[in-house]
Amino acid sequence: MSRSGFYDKVDDALGDIRDDGLWKNERLITSPQGGTVDVDGAGEVLNFCANNYLGLADHDDIINGASEAMNSSGYGMASVRFICGTTDQHRALESEIADYIRTDDSILFAACFDANGGLFEPLLSDGDAIVSDSLNHASIIDGVRLCKANRYRFATRDIDDLRRQVEAAKQDQAETILIATDGVFSMDGYIADLPAICRVADEFDAVVMVDDCHATGLVGPEGRGTPSLHGVSERVDIVTSTLGKALGGAMGGFVAAKQNVVDLLRQRSRPYLFSNSLSPGLVGGARVAIRMAIEGDARRERLNDNAFRFRRLMTDAGFRLTGHGHPIIPVLLGEAEIATEMAARLLDKGVYVTAFSFPVVPRGAARIRTQMNAAHDADDIDRAVAAFIEVGHDLDVIGR
Ligand SMILES: *Cc1c(COP(=O)(O)O)cnc(C)c1O
């Protein structure tokens with residue numbers, strides 16, 4: 001194919017995305033991330049679409065922790081970890097993460113996307129099997145693809161299907177079977193049934209891996225995540241998560257696991273070996289964020305009160321919601337056009353939410369995914385619900 005042919009194909013792909021109504025616009029925010037944000041063209045709006053669950057993204061203590069670390073260790077590491085990119089601060093953060101998640105050790109990555117991308121390939125090979133929930137995050141799917149293990153998929157949160165797939169793996173003579181699940185399914189707002197998953201794992205002597213990105217910092221006692229919530233920290237073998245959501249929302253990911261698993265990843269995981277060390281600023285900020293999450297009961301209480309209030313008022317108003325027990329609260333709307341129009345009209349009324357449609361969610365199951373955060377108070381929730389009701393009536397989504 002010619003060079004001009006290449007650019008024609010790029011234009012065709014862009015045209016298809018526009019024609020299918022799947023074009024994603026990025027709004028410009030001109031303030032720090034917070035309970036409210038200044039959105040270019042819309043002014044100051046209530047923010048219901050960030051992963052800023054604990055409201056820490058603009059917190060002074062974290063900003064100071066980050067600047068102090070940069071003042072003492074500089075801006076960048078300019079190296080991968082094993083050449084000359086590991087400071088005492090990186091190791092301190094890794095051991096604090098391990099304590100927080102209640103594992104032996106942890107290993108930092110540039111993002112959880114990289115943690116998941118580099119997790120499976122060093123640990124499993126062609127005699128092994130990975131049994132993965134069908135709604136698992138894209139980074140798990142990509143990580144599994146990079147690994148030679150055989151792949152099995154179970155219908156999301158369907159424990160009977162999980163057992164069938166694990167049985168199939170066993171029948172196919174898998175040596176190690178690893179079950180991979182999100183701790184929280186972020187499009188639906190459900191928490192994985194880890195006790196049931198662990199029982200199946202026990203039955204078949206399988207390894208359990210949980211991606212806890214939407215749980216670390218906010219779910220379970222002291223925000224230690226879904227394994228702690230369900231009392232199965234001992235049974236869950238591997239936890240991956242992010243520093244980019246509740247824990248200050250900057251950047252960075254990690255794998256927390258038994259010592260030998262972490263040791264092997266440090267030797268073999270490609271996104272770790274061939275990518276830069278986290279900036280000292282990110283490390284310093286994350287260390288403060290973890291301390292604040294441990295001491296964050298008041299924030300978690302406000303977060304959960306907000307979620308409870310929003311869910312109750314929206315249900316009373318006649319909206320159809322999914323999810324349970326988590327501050328992700330999707331509002332089901334059906335058609336993509338309705339969801340998009342509703343989000344646009346809500347923004348006009350000062351409420352920033354995002355519409356999700358195919359291929360992110362199934363066709364005909366378009367939704368507005370709201371995410372509560374601890375920076376809101378009851379008045380903010382009431383204002384948002386009032387806007388939803390007004391727009392919902394205008395678009396005939398709910399009755400009068
Ligand atoms: C956000 C998210 C990731 C990616 O985390 P980053 O640190 O932003 O790369 C991975 N898995 C799940 C389930 C997520 O929600």
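For reference, positions follow the sequence shown, starting with 1. Indexing begins at 1, ligand by ligand and atom by atom, following the structure's order. Here the structure is a predicted model, which is why all the values come from computation and not from measurement.
- Hydrophobic cluster membership for F358: none, as no Ile, Leu, Val, Met, Phe, Trp or Tyr side chain comes under 4.5 Å of it.
- The other residues sharing a hydrophobic cluster with L347 are I29, V37, V39, V45, Y352, where clustering joins ILVMFWY side chains under 4.5 Å apart.
- In this structure, R224 is not positioned above the aromatic face of Y100 in the sense of NZ or CZ being under 6.0 Å from the six-membered ring centre and within 45° of the axis.
- When only modelled atom types and interatomic distance are considered, N306 and N373 share no side-chain donor-acceptor pair under 3.5 Å.
- Checked for salt-bridge contact, D61 and R291 miss the test: no charged N lies under 4.0 Å from a carboxylate O.
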Ligand 1: which protein N/O atoms lie under 3.5 Å from its N/O atoms?
unit_1   : atom_1 : unit_2 : atom_2 : d
ligand 1 : 7 (O)  : C112   : N      : 2.8
ligand 1 : 7 (O)  : T242   : OG1    : 2.6
ligand 1 : 9 (O)  : C112   : N      : 3.3
ligand 1 : 9 (O)  : F113   : N      : 2.9
ligand 1 : 11 (N) : H137   : ND1    : 3.3
ligand 1 : 11 (N) : D211   : OD2    : 2.6
ligand 1 : 15 (O) : H214   : NE2    : 3.0
ligand 1 : 15 (O) : K245   : NZ     : 2.5

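- Shown here are the ring-ring contact (aromatic ring centres under 6.0 Å, His included) partners of F310, two or more places apart in sequence or in another chain: F388.
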